Amino acid sequence: MVFNRDDAAGVFSAGFEGITSFYIEETDLPSLAVAGLSGLKNLDNAITVTDRGDLIVIGHDGHEVAALSLPDADDVARWSMLMAAAVDSGRQVSDTLREAPPETLYDAIFKGALQDLDRFSRYTAAAAANRNRAHRRGYSGIGILLFENRGKIYIEEVYEDGPAAGSGLQVGDSIIAIDGKTVEGLDAVAVSDLLRGRSGSNVRVTTTSDDIHRTAIVTRAPVIEQTVFSSRKGDTAYFEIRSFNEDTAASLSRKVGKMATKVGPSMNGIILDFRNNRGGVLRDAISIADLFIENGRILLTKGRHPRSVKEFKARNPDIAVGIPLILLINHDSASASEVVAGALQDSGRAVLIGGRTYGKGTVQMIVNLPNEGELIITWARMYTPSGYPIGPFGVYPTICTDEIDDPSLQNVAGTARAAGLRARELLRLRRIAQDLDDSIQEALLGRCGDRTPSADENDLDLSLALKLLEQRNLFDRAFEASLIASQWPSKTQ
């Protein structure tokens with residue numbers, strides 16, 4: 001695709017309109033534009049951008065290329081046309097810029113413009129944005145997840161409700177051809193793209209395992225990526241939630257119902273594993289919390305734009321009334337995962353085990369651009385039901401497993417008692433963290449990290465959760481510690 005000045009102005013206009021309208025703090029359009037144009041230096045270091053007060057001067061290798069008059073400070077449309085003209089001027093003298101695809105130029109511009117905002121605001125190019133949309137909303141394909149290892153493409157997951165389920169395709173198989181054409185030299189993304197297509201069309205997938213070639217014919221259909229994986233662990237229902245998309249809450253609800261039927265009256269509890277879950281669709285996180293909270297606040301968000309100020313409340317019955325609930329979290333539990341963890345802890349519904357969450361604490365909105373790319377813009381801060389901001393400290397578990405002295409769990413009662421006593425003070429400090437002095441805040445950030453297990457050590461988070469559910473009196477003790485701490489007052493900013 002060739003750079004077109006009018007197309008570029010349209011992309012810049014949509015992007016900068018989104019930033020100036022929705023970003024969580026007031027922004028200065030001229031400064032954003034100059035910073036954006038300065039991003040071209042990352043493509044060609046000889047490019048210079050100088051703000052002379054009434055002119056923006058584009059230079060190359062010490063020579064002035066163009067001097068452009070500045071529009072009014074709030075005129076997004078004219079600033080966008082100026083930027084497109086500036087890029088075009090640079091392309092006239094720079095081989096690097098002239099040969100760069102438009103997406104490369106957009107990426108450089110938006111990275112430059114966003115670099116002084118927060119670290120979660122970013123630009124996503126069209127190809128990656130389309131993949132992200134497919135993850136959130138679904139796509140037409142066969143429902144498998146791939147990974148690459150040493151130049152070969154392997155099947156990592158076969159979605160249990162997807163078109164490929166029952167086709168003969170197996171986890172661990174290596175894909176060698178699609179519709180008779182070799183996939184040698186292609187990466188996992190390219191192979192995934194070949195598997196997608198019109199719903200109702202067939203695709204032939206040739207795999208190899210143990211030097212045996214097999215070909216499966218699969219009919220493409222609408223697919224949304226599987227994010228919830230369930231298993232039975234004795235009398236406990238275990239659910240790993242890897243990310244959030246538009247089907248996550250509905251999928252979890254279905255699987256909880258199926259597991260309750262499978263285990264029966266002997267089911268002693270539910271474990272939701274959010275470890276390493278970096279987030280995703282916020283409204284699905286709200287819906288997951290609503291599955292287990294009978295009433296009350298789930299989340300409060302606040303930002304500069306009036307539409308960013310929202311209170312989310314529980315509206316539906318608890319689908320597991322009376323069943324003990326444990327969440328597993330760690331430092332890679334972020335964003336939407338923290339929303340669920342904070343809501344279920346503050347509402348007194350669940351015991352949290354593991355390590356402190358990431359502490360992202362902000363909500364991003366998506367600005368769709370004419371080139372099919374996306375700007376991800378931070379527009380609100382998140383507050384748990386008790387009123388404390390999720391960022392930057394995150395959500396602390398009831399039991400920090402890195403502070404457990406007996407990883408063998410020979411004395412589970414003693415472990416639970418000691419952890420519960422520590423939790424009360426730790427969770428109280430967390431809820432007033434923003435009012436503490438810097439040294440105490442720094443010490444608090446150093447508490448409750450992720451445990452690094454030894455080579456022969458089992459999953460301590462999961463082992464402890466299972467033991468607490470096996471011995472209800474121990475779960476009740478941990479639950480009480482969490483409940484007492486959750487009642488400590490906090491300020492809503």
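Bear in mind that the values here come from a model prediction, so they are computed numbers and not experimental data. Scope of the values below: all heavy atoms of this structure, side chains included, with no hydrogens, waters or symmetry mates.
In this structure, R278 pairs ionically with D332, as a charged nitrogen and a carboxylate oxygen lie closer than 4.0 Å. With respect to E374 and R133, a salt bridge is recorded, a charged nitrogen being found less than 4.0 Å from a carboxylate O. Under 4.0 Å is where a charged nitrogen must lie from a carboxylate oxygen, and between E225 and R137 no such pair does. E184 and K152 are not joined by a salt bridge, as no carboxylate oxygen comes within less than 4.0 angstrom of a charged side-chain nitrogen.
For D247, the salt bridge (Lys or Arg N to Asp or Glu O under 4.0 Å) test picks out R254, with sequence neighbours left out.
The cationic group of K360 lies under 6.0 Å from the six-membered ring centre of F120 and within 45° of the ring axis, placing it in a cation-pi geometry. No cation-pi contact links R232 to Y238, judged by a cut-off of 6.0 Å to the six-membered ring centre and 45° from its axis. A cation-pi geometry, defined here as NZ or CZ lying under 6.0 Å from the six-membered ring centre and within 45° of its normal, holds between R196 and Y139.
Identified under the salt bridge (Lys or Arg N to Asp or Glu O under 4.0 Å) test for residues 26-41, with sequence neighbours left out: E26-R304.
A distance of 5.0 Å separates CG in L466 from OG1 in T236, rounded to the nearest 0.5 Å.
The aromatic rings of H305 and F22 are tilted relative to each other, their planes meeting at an angle between 30° and 60°.
A donor and an acceptor atom, one from each side chain of T20 and T27, are nowhere located under 3.5 Å apart. Side-chain contact, S463 with N458: no donor N or O sits under 3.5 Å from an acceptor N or O.
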